[in-house]
Colleague: 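Once you've had a glance at the structure underneath, I'll fire off some questions.
What you see is a predicted model, and the numbers here were worked out from it, not measured in a lab. Whatever order the structure lists ligands and atoms in, that order sets their numbers, starting from 1.
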Amino acid sequence: MVDLQSQYEHIKQEVDAGIREVIESAAFIKGPKVTEFQRHLEAYTGAKHVIPVGNGTDALQIALMGLGLQRGDEVITPTFTFIATAEVVALLGLTPVVVDVDWETMNMDIESVRRAITPRTKAIVPVHLFGQCANMEALMALAKEHHLYVVEDACQAIGAQYTFANGDTKQAGTIGHIGCTSFFPSKNLGCYGDGGAIFTNDDALADKMRAIANHGCRVRYHHDEVGVNSRLDSIQAAILDAKLPHLNDYIAARQRAAAYYDKAFADCEALLIPGREPHSTHVFHQYTLRVLGADRDAVREGLAERGIPAMVYYPVPLHQQNAYRDPRYKDGDFPVAERLAACVLSLPMHTELDNEQLKYITDNVIELCRK
Ligand SMILES: *Cc1c(COP(=O)(O)O)cnc(C)c1O
């Protein structure tokens, strides 16, 4: 699915030098590399504050803690997403309220969000699934109307650009009150272990979330609130700082591969290519087909036999996960998400795909869909 070894070969010198610098300085925790990377990521994203943390799940948890939500407050998330989005809501004693997604973009459906709002709703967590922003203009307007916070799960969408009706553009993660991202190795900006970051333009929220990530501490050994321990370590920061200047090229490489896939599958009746969110660029964390005229699992197995990895993200929506079963929801309540879970198939997507590989993949997908 990804080829991190080949990518490393191209940036080995910068990465190795950064790692060596950290080891030689022994500033492993909260070293200058972390601050340098933070500043560079602020410049890249346009976020006023970047708060580096231990991983993307922590970023989401700290964001919700920063909002000071109370037990029982409702937080709206899409039911078709990675589990972390709802996990942190549940862990904090908040109530996850799930909504359906759009068949084309696979992102949160705004009308479903509107219907899910109650007097207890406090926040919405849109997920920019597979690398394109949800309909943020409509979502921000809805949040404003109901005085709700918006925490973007931008773990899959770093670098995606959203264009508002007035022509303003903002990056994924910098549109809502808070944005969260992950530097898990296979993410579009990945480190060589775990990492994550929080974005906000709000000074008070930034101060609070920075303290929460550091045991609720602003002055050493004085704890103003209950916090957690979540840090981006200096070696990971050095790796990310070496990779960040390449991020736009990495995005372009993914978009080139996606364009190849789109063209190859345009006439394949068994498949639907990923629909596009009209106001967002797509950074293709995943290239996800909908397999309609063939047996998805048979296609996947056939590909595996021919040495082509393909994955199902995600086979079970949140409301059908055992840990999140809720008497309010039953099978069939979120028909789009359930239909997607049954038909999605993500193909290899990374920065090192060449035309020969793309041809081999697409030829085989099309052949298996004809069977
Ligand atoms: C990867 C991911 C996360 C979690 O990130 P980690 O760094 O693995 O904790 C959360 N949400 C989404 C949508 C993700 O893709």
Colleague: Regarding ligand 1, does Lys187 bring an N or O atom to under 3.5 Å of one of the ligand's N or O atoms?
Modeller: yes

Colleague: Any atoms of ligand 1 less than 4.0 Å from a non-hydrogen atom of Ala84? List them with their elements.
Modeller: 10 (C)

Colleague: Decide whether the shortest distance between a heavy atom of Asp153 and an atom of ligand 1 is less than 4.0 Å.
Modeller: yes

Colleague: Is there at least one pair of N or O atoms, one from Ser182 and one from ligand 1, spaced under 3.5 Å apart?
Modeller: yes

Colleague: Under a 4.0 Å threshold between the charged nitrogen and the carboxylate oxygen, would Asp224 count as salt-bridged to Arg218?
Modeller: yes

Colleague: Is Val127 touching ligand 1 with its side chain, its backbone, both, or neither, if touching means heavy atoms under 4.0 Å apart?
Modeller: side chain

Colleague: Give me the residue, atom name and distance of the protein heavy atom closest to atom 9 (O) of ligand 1.
Modeller: Thr57 OG1, 2.5 Å

Colleague: Tell me, which protein residue and heavy-atom name are nearest atom 15 (O) of ligand 1, and how many Å apart are they?
Modeller: Gln156 NE2, 2.8 Å

Colleague: Could you tell me whether Asp262 and Arg276 make a salt bridge, using a distance below 4.0 angstrom between a side-chain N and a carboxylate O?
Modeller: yes

Colleague: Going by the order shown, which atoms of ligand 1 are within less than 4.0 Å of some heavy atom of Gly56?
Modeller: 5 (O), 6 (P), 7 (O), 9 (O)

Colleague: Would you call Arg71 and Leu94 a side-chain contact if the rule is heavy atoms closer than 4.5 Å?
Modeller: no

Colleague: Answer yes or no for His128: is there a heavy-atom contact with ligand 1 below 4.0 Å?
Modeller: no

Colleague: Are Arg39 and Glu36 within salt-bridge range, i.e. N to O under 4.0 Å?
Modeller: no

Colleague: Do the charged groups of Glu367 and Arg306 touch, with an N to O distance under 4.0 Å?
Modeller: yes

Colleague: So, do His177 and Tyr149 have ring centers that fall under 6.0 Å from each other?
Modeller: yes

Colleague: Are Tyr329 and Phe334 an aromatic pair by the rule of ring centers under 6.0 Å?
Modeller: yes

Colleague: Which option out of Tyr314, Tyr313, Phe184, Phe130 puts a heavy atom nearest to atom 8 (O) of ligand 1?
Modeller: Phe184

Colleague: Below the 3.5 angstrom mark, is there an N/O of Phe82, backbone or side chain, next to an N/O of ligand 1?
Modeller: no

Colleague: Short N/O distance, under 3.5 Å, between Thr81 and ligand 1?
Modeller: no

Colleague: Which residue and non-hydrogen atom of the protein lie closest to atom 10 (C) of ligand 1, and at what distance in Å?
Modeller: Cys155 SG, 3.5 Å

Colleague: Does the pair Arg114/Glu111 count as a salt bridge with the N-to-O cut at 4.0 Å?
Modeller: yes

Colleague: Quick one: are the ring centres of Phe37 and Tyr44 less than 6.0 Å apart?
Modeller: no

Colleague: Closer than 4.0 Å to some heavy atom of Asn55 - which atoms of ligand 1 meet that?
Modeller: 7 (O), 9 (O)

